[in-house]
Amino acid sequence: MWVLQTPFSVKQVHFSSHHYYSTHRYSRPPLCFFSPSTTTTEENKNNNQLIQSLCKQGSLKQALQVLCKEPNPTQQTYELLIYSCAHQNSLSDGLDVHRHLVDSGSDQDPFLATKLINMYSELGSIDHACQVFDETQDRTIYVWNAVFRALAMVGRGEQVLDLYAQMNWRGIPSDRFTYTYVLKACVNSASTVFPLQKGKEIHAHILRHGYEGRIHVMTTLLDMYARFGCVSNANAVFSAMPVKNSVSWSAMIACYAKNGVPMKALELFQLMVLEAHDSVPNSITMVSVLQACAALSALDLGRLIHGYILRRGLDSTLPVLSALITMYGRCGKLVLGQRVFDQMKKRDVVSWNSLISNYGMHGFGKRAIQIFEKMTYQGFSPTPISFVSVLGACSHAGLVKEGKTLFESMVSKYGIHPSMEHYACMVDLLGRANRMDEAIRIIEDLRSEPGPKVWGSLLGSCRIHCNVKLAERASKALFELEPWNAGNYVLLADIYTEAKMWNEVKRVKKLLEARGLQKIPGCSWIEVKRTIYSFVSVDGINPQNEELHALLLKLSSEMKEQGYVPQTKVVLYDLEEEEKERIVLGHSEKLAVAFGLINTAKGETIRITKNLRLCEDCHSVTKFISKFADREILVRDVNRFHHFKDGVCSCGDYW
DNA sequence: GTAGGGTTAG
């Protein structure tokens, strides 16, 4: 224990500490109520030791009291105090220590300034962190890096890049840490005009200064390209890395999985397992691998990966388990996803969200709502994503009333303010149910400009209900917001086609061409014996194609006898009816179904995945086939699952 | 003394 010394008078004793902190300025008022002048060198030493040991014990308040009577705290003492404030999450104590530093002049010590910046950053007070940086005269690279890190952590990428320009201008050389921070800053700098260009400049900088062998720098660079969607640049960085480890392999696999090339992700994973002996896959790697399986609906492969995860004991983290739930859901195996969920010892809101989204995609809206309710009952607070999932589930199942109630509860019950995505969900929910007036009212009542997702939902609903007038309004907005999105032009052309407005169809197609865009080709795929076979509508490569067409022709004529009428209105060209029939018969989904009929055993469920929404003709043909061939057929389109059985689809023809 | 990859939706 220590004994308090005699108080000595100070000018501003009336300042309560809180008054002082609230000014947020660091002028230098006297700080101590106790005389600093009477301490001896021996006492200094003792006080420093005392403060340090109090910090280590977690007695920060007592440590601060001793600090008050210690005129010469050492650097180590301050370091521990700063660390304790961050650790105990106490901004007021942090400000107090900072004040002492300023008073003693130690705030100019770049080592301590760095620690202060880190402390404020951890305490969530970025403005204080910046202030320390501004007031530090001797900015070592550590000081620069600390402020970059602090700014990058709160997403202020553009500020990092501005400061980085200043640093370069002053001729201060970057180190390997600087590069990782500024590369991250490129990704999250919203207001920088050409962030990718900036990233490429930094890339050049890195090479010029001989950092191409630094594994952290190169992995961050790879990841930057990945986040900009520049897959080939990312791959170039990865291939050129002289040394790779599990992190760099995982980053590259994640890049493929997230940028629409899941096949490549799986190939690279295979290469990693077979050839990269120093880089063993870990649970983070597996999350991306599972995402790739989910994207491909590769069930057999997914199960194989699940086995690998279990054998290697990589199933211990929540992200892996959530990714597993999603993988099974996307592969059409709701039950297996539910089993993973049931067997979890610990869950978080993401595990629940995964399950809700699975049921929603399969059209089990009521079940999704039940799970949502069970989740909240068990004390998990829903996140904005929970609502996207459960509202989506209502939309797929046509549960308008339930969806509206949930939407209202967002603010009233959970204090979550709907984002553009949630409004898009509501427009989708109402629009699909052909309640266009209400959908429009949602859009008109928005406080900010409606985003592309909102208009996209409306356009999608117009497609279902063939509402030309509203479609024109929605697409006008969309053509301005995302002129590069070919899908919008195609949707509008579809609507004109259905309305037989051929001149308008021509006009939209011309617009599409004039902007150098192309209709995304329909593609369907099926996994048979761990091999994925994909089909596009015009495909001369597959040797089985003739056989497939022959089978489809035979089925088609049989179906016509049973009342099937080809839905040729989906064809965007004004052609002879016969020609149109030929075109719809060659749709990729039908080829995949035919392939499944030929190459899987009787009684086995056929699982197809498609990159676009199912067309009406494919939908009705698949219904017929499920009855004719007595097969269950599971089709995942871009939005949801269709479960065909005995001539009926689980979507109730509502999709 | 500071650094790199991952979960749910759309």
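Lettering of chains follows the sequences in order, A, B, ..., and the numbering in each one begins at 1. As the structure is a computational prediction, the values presented were derived from the model and not from experiment.
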Engineer: Any donor and acceptor pair, going by atom type alone, linking the side chain of A/R640 with main-chain N or O of A/H396 inside 3.5 Å?
Structural biologist: yes
Engineer: By the 4.0 Å heavy-atom rule, please label A/I356 as base, sugar-phosphate, or nothing.
Structural biologist: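 If one applies the 4.0 Å heavy-atom cut-off, A/I356 turns out to touch nothing in the nucleic acid.
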Engineer: Atom CZ of A/F177 and atom C1' of B/dT2: how far apart are they, to the nearest Å?
Structural biologist: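 Rounded to the whole Å, the gap is 5 Å.
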Engineer: Mind checking if A/D223 touches a base, just sugar-phosphate, or nothing, with heavy atoms under 4.0 Å?
Structural biologist: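 Sugar-phosphate contact only - A/D223 comes under 4.0 Å of backbone atoms but never of a base.
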Engineer: Determine the contact category for A/R227: base if any of its heavy atoms lies under 4.0 Å from a base atom, sugar-phosphate if only primed atoms, P, OP1 or OP2 are that close, otherwise nothing.
Structural biologist: sugar-phosphate
Engineer: Does any non-hydrogen side-chain atom of A/H203 lie less than 4.5 Å from one of A/V237?
Structural biologist: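 Yes, their side chains come closer than 4.5 Å.
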Engineer: To the nearest 0.5 Å, how far apart are CE in A/M252 and CG in A/L222?
Structural biologist: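 If I round to the nearest 0.5 Å, the distance is 5.5 Å.
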Engineer: Kindly give the heavy-atom pair with the smallest separation between A/I202 and A/C186, and that separation in Å.
Structural biologist: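 Smallest interatomic distance, heavy atoms only, reads CD1-SG, 3.7 Å.
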Engineer: Tell whether A/T114 reaches the base of B/dG1 with its side chain through a donor-acceptor pair below 3.5 angstrom.
Structural biologist: yes
Engineer: Return the value, rounded to whole Å, for the distance between atom CH2 of A/W249 and atom C1' of B/dG6.
Structural biologist: 18 Å
Engineer: Would you say B/dT7 has OP1 or OP2 under 4.0 Å from some side-chain N or O of A/Q291?
Structural biologist: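 The answer is yes; a side-chain N or O of A/Q291 sits under 4.0 Å from OP1 or OP2.
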Engineer: Evaluate ring-ring contact (aromatic ring centres under 6.0 Å, His included) for A/Y142 paired with A/F177, printing each intermediate quantity in order.
Structural biologist: CA-CA 9 Å; A/Y142 288 100; A/F177 295 92; 7.8 Å; no
Engineer: Given B/dT8, B/dT2, B/dG5, which nucleotide is nearest the side-chain atoms of A/V350?
Structural biologist: B/dT8
Engineer: Quick check on contacts: within residues 381-394 of chain A, what sits under 4.0 Å from DNA chain B by heavy-atom distance?
Structural biologist: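 Nucleic-acid contacts, sorted: A/I385, A/V388, A/S389.
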Engineer: To the nearest Å, give me how far apart CZ (A/F380) and C1' (B/dT7) are.
Structural biologist: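 After rounding, the gap between these two atoms is 15 Å.
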Engineer: In this structure, is the centre-to-centre distance between the rings of A/W249 and A/F238 below 6.0 Å?
Structural biologist: yes
Engineer: When you compare the side chains of A/H422 and A/S419, does any donor N or O come within less than 3.5 Å of an acceptor on the partner?
Structural biologist: yes
Engineer: I need the CD1-P distance between A/I253 and B/dG4, as an integer number of Å.
Structural biologist: 19 Å
Engineer: Using a 4.0 Å heavy-atom cut-off across all strands, classify A/R214 as base, sugar-phosphate, or nothing.
Structural biologist: nothing
Engineer: Is there a stack between A/H216 and B/dG4, judged by ring centres under 5.5 Å and planes under 30°?
Structural biologist: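 No, the aromatic ring of A/H216 does not stack with the base.
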Engineer: Is any side-chain N or O of A/N245 under 3.5 Å from a base N or O of B/dG4, one able to act as donor and the other as acceptor?
Structural biologist: yes
Engineer: Quick one: closest heavy-atom pair of A/A146 and A/N118, and the distance?
Structural biologist: CB-OD1, 3.6 Å
Engineer: I need the residues from residues 357-375 of chain A with at least one non-hydrogen atom less than 4.0 Å from DNA chain B; give them sorted by number, or say none.
Structural biologist: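 Hits under 4.0 Å, by residue number: A/S357.
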Engineer: Within less than 4.0 Å of OP1 or OP2 of B/dT2, is there a side-chain N or O belonging to A/K184?
Structural biologist: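 No, no such contact exists.
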Engineer: Could you tabulate the donor-acceptor pairs under 3.5 Å formed by side-chain atoms of residues 359-370 of chain A, not counting sequence neighbours?
Structural biologist:
from	atom 1	to	atom 2	distance (Å)
A/Y359	OH	A/Q338	OE1	2.6
A/H362	NE2	A/G329	O	3.0
A/R367	NH1	A/Q370	OE1	3.3

Engineer: Could you tell me if the side chain of A/Y414 sits less than 4.5 Å from the side chain of A/T376, heavy atoms only?
Structural biologist: yes
Engineer: Base, sugar-phosphate or nothing for A/Y179? Non-hydrogen atoms, less than 4.0 Å.
Structural biologist: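 It contacts nothing in the nucleic acid.
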Engineer: Less than 3.5 Å apart, which donor and acceptor atoms pair up between the side chains of residues 311-321 of chain A and the rest of the protein, not counting sequence neighbours?
Structural biologist:
from	atom 1	to	atom 2	distance (Å)
A/R312	NH1	A/P281	O	2.9
A/R312	NH1	A/Y308	OH	2.9
A/R312	NH2	A/P281	O	3.1

Engineer: From the set B/dG1, B/dG6, B/dG10, return the single nucleotide nearest to any side-chain atom of A/K115.
Structural biologist: B/dG1
Engineer: Check the distance between B/dG4's C1' and A/M218's CE and give it to me in whole angstrom.
Structural biologist: 12 Å
Engineer: Determine the sole option in A/Q131, A/H98, A/H128 for which the side-chain hydrogen bond (donor to acceptor under 3.5 Å, both in side chains) test with A/Y120 is passed.
Structural biologist: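 With A/Y120 as partner, side-chain hydrogen bond (donor to acceptor under 3.5 Å, both in side chains) holds for just one option, A/H98.
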Engineer: Check if the side chain of A/N282 and the base of B/dG6 share a donor-acceptor pair of N or O atoms closer than 3.5 Å.
Structural biologist: no
Engineer: Using a heavy-atom cut-off of 4.0 Å across all strands, would you classify A/F148 as base, sugar-phosphate, or nothing?
Structural biologist: nothing
Engineer: For DNA chain B, find the residues of residues 307-327 of chain A with a heavy-atom distance under 4.0 Å and give them by number; none if there aren't any.
Structural biologist: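 Those residues whose heavy atoms fall under 4.0 Å from DNA chain B, taken from residues 307-327 of chain A in numerical order, are A/T317, A/L318, A/P319, A/S322, A/T326.
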Engineer: From the list B/dT2, B/dT7, B/dG10, which nucleotide is the closest neighbour of the side chain of A/K453?
Structural biologist: B/dG10
Engineer: Scan A/F387, A/Y377, A/F380, A/W352 and name whichever one has a ring-ring contact (aromatic ring centres under 6.0 Å, His included) with A/F372.
Structural biologist: A/F387
Engineer: Could you give the CG-to-C1' distance, from A/N118 to B/dA3, as a whole number of Å?
Structural biologist: 12 Å
Engineer: Do A/T220 side-chain and B/dG4 base share a donor-acceptor contact under 3.5 Å?
Structural biologist: no
Engineer: The side chain of A/Y142 is closest to which nucleotide in this list: B/dT8, B/dT2, B/dG4?
Structural biologist: B/dT2
Engineer: Are A/R149 and B/dA3 close enough that a side-chain N or O sits under 4.0 Å from OP1 or OP2?
Structural biologist: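 Yes, within the criterion.
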Engineer: In whole Å, what is the span from the CE atom of A/M344 to the C1' atom of B/dT8?
Structural biologist: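 It works out to 11 Å between those atoms.
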Engineer: Using the salt bridge (charged side-chain N to carboxylate O under 4.0 Å, His left out) criterion, which residues pair with A/D223? Sequence neighbours excluded.
Structural biologist: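 Salt bridge (charged side-chain N to carboxylate O under 4.0 Å, His left out) list for A/D223, sorted by chain: A/K184, A/R227.
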Engineer: Could you state the atom-to-atom distance from NZ of A/K244 to P of B/dG4 in whole Å?
Structural biologist: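 For the pair A/K244 NZ and B/dG4 P, the rounded distance is 21 Å.
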